[in-house]
Amino acid sequence: MGRYVIRRLLQMIPVFIGSTFLIFVMVYALGDPVAALFGDRAPDPATAAQIRRDLYLDHPLWQQYLHYMGQIFQGNFGTAFDGESVLSLMAGAWPLTLRLTIVAIVVEAVVGVVLGLLSGLRRGRTVDSGVLVLTLIVVSVPTFVSGYVLQYLFGVRWNVVPPSVSPGAPLNQLILPGIVLALVSLAYVTRLTRTSVAENHRADYVRTATAKGLPRHTVVVRHLLRNSLIPVVTFIGTDIGALMGGAIVTERIFNIHGVGYQLYQGIVRQNSPTVVGFVTVLVIVFLLANLLVDLLYAVLDPRIRYA
Amino acid sequence: MSTLLEVTDLHVEFRTRDGIAKAVDGVSYAVQAGQTLAVLGESGSGKSVTAQAVMGILDSPPGRITAGRIAFHGQDLLTMPERERRAVRGARMAMIFQDALSALNPVLSVGHQLAEMFTTHRGTSRKDARAKAVELMDRVRIPAARQRAGDFPHQFSGGMRQRVMIAMAIALEPELVIADEPTTALDVTVQAQVMDLLAELQREMDMGLILITHDLGVVADVADHIAVMYAGRIVETAPVHRIYAAPAHPYTKGLLESIPRLDRKGRELYAIKGLPPSPHHVPPGCAFNPRCPLARDRCRTEQPPLYEVAAGRTSACHYWHECLHGTRDSGTPEGAGR
């Protein structure tokens with residue numbers, strides 16, 4: 001197991017380098033950041049050259065990349081063109097997004113698994129068909145629609161929650177955005193759990209558990225659900241990264257100044273250091289989440305053993 | 001000797017897309033305390049479904065018990081509230097399944113799965129239950145039981161896995177064990193060991209045993225009585241030594257003749273012609289008539305009852321006399337066949 005983890009960590013290095021380099025190339029290939037800095041006015045050539053020298057932009061791309069990476073590992077993510085350090089942007093944004101993601105994951109896992117279990121146990125009955133229709137609707141409605149509709153209903157019409165989240169983003173205000181963010185994945189978790197439960201329901205070991213005289217809830221939870229959750233956990237694990245990076249729409253709707261918001265701002269204003277910095281951290285989050293899933297897999301299913 | 005289990009006129013139906021299949025169609029049998037009843041039959045004859053109905057683990061839907069009585073110590077299990085039934089299941093009657101690899105939970109250690117019997121039925125603490133699980137594994141002679149209790153089913157060999165299955169069944173010293181083809185999934189050499197273990201435990205604990213099998217060879221050594229099933233019905237019952245000497249039903253006779261024997265070496269092996277009927281289309285009259293060498297017009301119209309051919313012997317053949325004695329005498333069944 002230990003050797004497996006080390007091997008996986010080593011494998012992450014080329015993936016990390018490859019993906020960050022691609023992002024670096026894409027962002028810097030987009031246009032001239034110095035020109036963007038001056039907006040509509042044409043920059044004074046001498047000033048532009050000065051800025052280019054200061055920002056290391058007069059070197060070839062690969063040297064810029066190496067320089068950038070070197071700085072990152074010294075804890076310096078650079079400075080956005082407006083003078084604020086990317087690190088301080090991150091310090092403000094990551095905790096918010098992390099909290100939002102946690103709310104979303106909890107909603108997605110709890111509601112999804114419960115709904116999936118119920119419909120899986122009652123295959124072909126009203127509950128099952130109802131959940132099927134519901135998940136299809138949820139999957140078909142894009143986040144910007146469900147987000148605005150729920151925000152209008154709960155925030156404006158019924159006044160249950162504030163329509164936009166306050167700067168500190170306390171947990172109770174994050175519940176509605178968390179649900180919006182979780183909705184699509186929630187539908188997938190439900191479908192996945194349902195299929196898995198329905199499949200394992202007729203398994204021999206479930207019949208054995210019943211024949212042992214175990215109470216129904218023990219049979220369902222300890223024997224049936226435990227086995228059925230293996231694929232679901234995989235999905236939820238890989239979804240962590242997607243939720244963190246994919247909260248752009250939700251964060252905009254509810255005015256949460258998290259990672260998605262900063263990324264959006266960075267892209268719109270061609271603020272390259274912000275974009276590259278945030279995405280680099282996202283890549284690391286993705287890689288770690290995947291590693292976590294792989295390790296969790298071995299814990300859940302003892303038939304999988306890593307050499 | 002008291003009657004442990006008595007199944008009377010049991011009917012089980014399966015509702016499927018192709019219509020209603022009568023998987024069990026009026027089966028009656030009894031098991032005495034400490035005795036072994038072998039239930040013999042091909043796949044689909046209803047032998048496993050009967051056992052599942054007795055255990056109360058029938059897949060329902062689609063399966064449904066439509067009539068009959070299953071009495072355990074004289075008490076009808078079918079009218080018993082589910083709570084009481086659950087207390088019987090596992091503790092007083094237990095089941096050994098055919099394929100231990102799929103019948104054991106792949107993600108729980110065998111020690112945990114064994115301990116579950118004690119924590120559920122006896123309220124034993126986890127720690128004590130674990131110790132008892134190790135004891136059980138010792139009892140079914142799994143080497144290094146203490147170390148292996150934490151292992152998972154896939155880490156055991158087929159024979160050892162079946163021993164775990166047996167340990168689970170005998171955990172609470174049940175009065176009745178139902179073994180559904182316990183050796184079918186095993187190598188021949190391991191089969192004998194597992195059967196010996198089962199027989200030994202049965203003697204020690206004085207359990208009633210229902211041995212479901214399609215293997216006549218397994219039956220001869222361990223069973224006291226035999227019930228032969230065909231197409232959801234019992235076609236013959238007899239004490240085991242009698243049935244080998246002189247079967248009273250053409251189907252049983254066919255089964256016995258299709259066993260390879262040393263004294264018939266070199267000769268072509270007998271096979272019952274045709275296939276067993278689909279449970280959706282059981283032929284009228286005697287279900288065996290399309291495959292029976294003795295079949296006549298009467299067999300195609302009139303369903304034979306279970307004739308009493310001798311004390312403790314029954315046969316569902318109109319011409320059992322002919323089968324038993326090899327004559328064409330279709331005389332009255334009463335008092336004959338001794």
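On a predicted model such as this, the values are computed, not experimentally measured, just so you know. In what follows, chains are A, B, ... by sequence order, proteins preceding strands, each numbered from 1.
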Q | Top contributor to chain A interface from B:Met117, B:Glu116, B:Met168 [non-hydrogen pairs under 4.5 Å] | A |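 Heavy-atom pairs under 4.5 Å are most numerous for B:Glu116.
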Q) Looking at B:Leu172, B:Leu108, B:Asn105, which one has more heavy-atom pairs under 4.5 Å with chain A than the rest? A)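 If we count pairs closer than 4.5 Å to chain A, B:Asn105 comes out on top.
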Q | Summary of side chain to side chain donor-acceptor pair (under 3.5 Å) pairs that have at least one residue in residues 172-186 of chain A, sequence neighbours excluded | A |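 Passing the test, one end in residues 172-186 of chain A: A:Ser166-A:Gln173, A:Ser185-A:Asp239.
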Q | Side chain proximity check, B:Val7 to B:Leu5, heavy atoms < 4.5 angstrom | A |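 Yes, close enough: below the 4.5 Å cut-off.
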Q) Are the side chains of B:Val177 and B:Met93 in touch, meaning some heavy atoms are under 4.5 Å apart? A)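 No. Closest side-chain heavy atoms not under 4.5 Å.
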Q | Heavy-atom contacts under 4.5 Å, residues 41-55 of chain B to chain A | A |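 When heavy atoms of chain A are the reference, residues 41-55 of chain B contributes B:Gln52, B:Met55 within the under-4.5 Å range.
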Q: Using heavy atoms and a sub-4.5 Å threshold, report which of residues 80-92 of chain B line up against chain A, by residue number.
A: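 The residues closer than 4.5 Å to chain A, in numerical order, are B:Arg86, B:Arg89, B:Gly90.
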Q: Give a yes or no on whether a salt bridge exists between B:Glu173 and B:Arg139, defined as a side-chain N under 4.0 angstrom from a carboxylate O.
A: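 Salt bridge present between B:Glu173 and B:Arg139.
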Sort [X] into side chain, backbone, both or neither according to what part of it lies under 4.5 angstrom from a heavy atom of chain A.
X        : answer
B:Thr120 : side chain
B:Leu104 : backbone
B:Ala94  : neither

Nearest heavy-atom neighbours spanning [X] and [Y]:
X        : Y        : result
A:Ala182 : A:Ala104 : CB-O, 3.4 Å
A:Val103 : A:Leu174 : CG1-O, 3.7 Å
B:Tyr29  : B:Val27  : CD2-CG1, 3.9 Å

Q: Output the option from A:Leu300, A:Thr218, A:Leu214 having the highest count of non-hydrogen pairs under 4.5 Å with chain B.
A: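 Max contact count across the listed options: A:Leu214.
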**Q.** Closest-packed option against chain B by number of heavy-atom pairs under 4.5 Å, given A:Arg202, A:Arg226, A:Arg207
**A.**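 Highest number of heavy-atom pairs under 4.5 Å: A:Arg207.
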Q) Hey, are A:Thr97 and A:Glu251 close enough side-chain-wise for a donor-acceptor pair under 3.5 Å? A)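 Short answer, yes.
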Q: Kindly say whether B:Gln155 contributes a backbone atom to a donor-acceptor pair with the side chain of B:Arg148 at under 3.5 angstrom?
A: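 Between the backbone of B:Gln155 and the side chain of B:Arg148 there is a qualifying donor-acceptor contact (under 3.5 Å).
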Q.
With a 4.5 angstrom heavy-atom cut-off, is it the side chain or the backbone of A:Ala203 that approaches chain B, or both, or neither?
A.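 Contact with chain B involves no heavy atom of A:Ala203 at all.
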Show every donor-acceptor pair shorter than 3.5 Å between a side-chain atom in residues 113-125 of chain A and any protein atom, with sequence neighbours excluded, or say none if there are none.
residue	atom	partner	partner atom	Å
A:Ser119	OG	A:Leu115	O	3.1
A:Ser119	OG	A:Gly116	O	3.3

Q: For the pair A:Phe278 and A:Trp94, name the ring-plane relationship: parallel under 30°, tilted 30 to 60°, perpendicular over 60°.
A: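 It falls in the parallel class, under 30°.
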Q. Can B:Gln162 and B:Thr183 be said to form a side-chain hydrogen bond (donor to acceptor under 3.5 Å, both in side chains), step by step?
A. CA-CA 8 Å; B:Gln162 196 55 278; B:Thr183 58; over 6 Å; no
Q: Could you tell me whether A:Tyr188 atom OH has more than 12 heavy atoms of other residues or ligands within 6.0 Å of it?
A: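 Result for OH/A:Tyr188: open.
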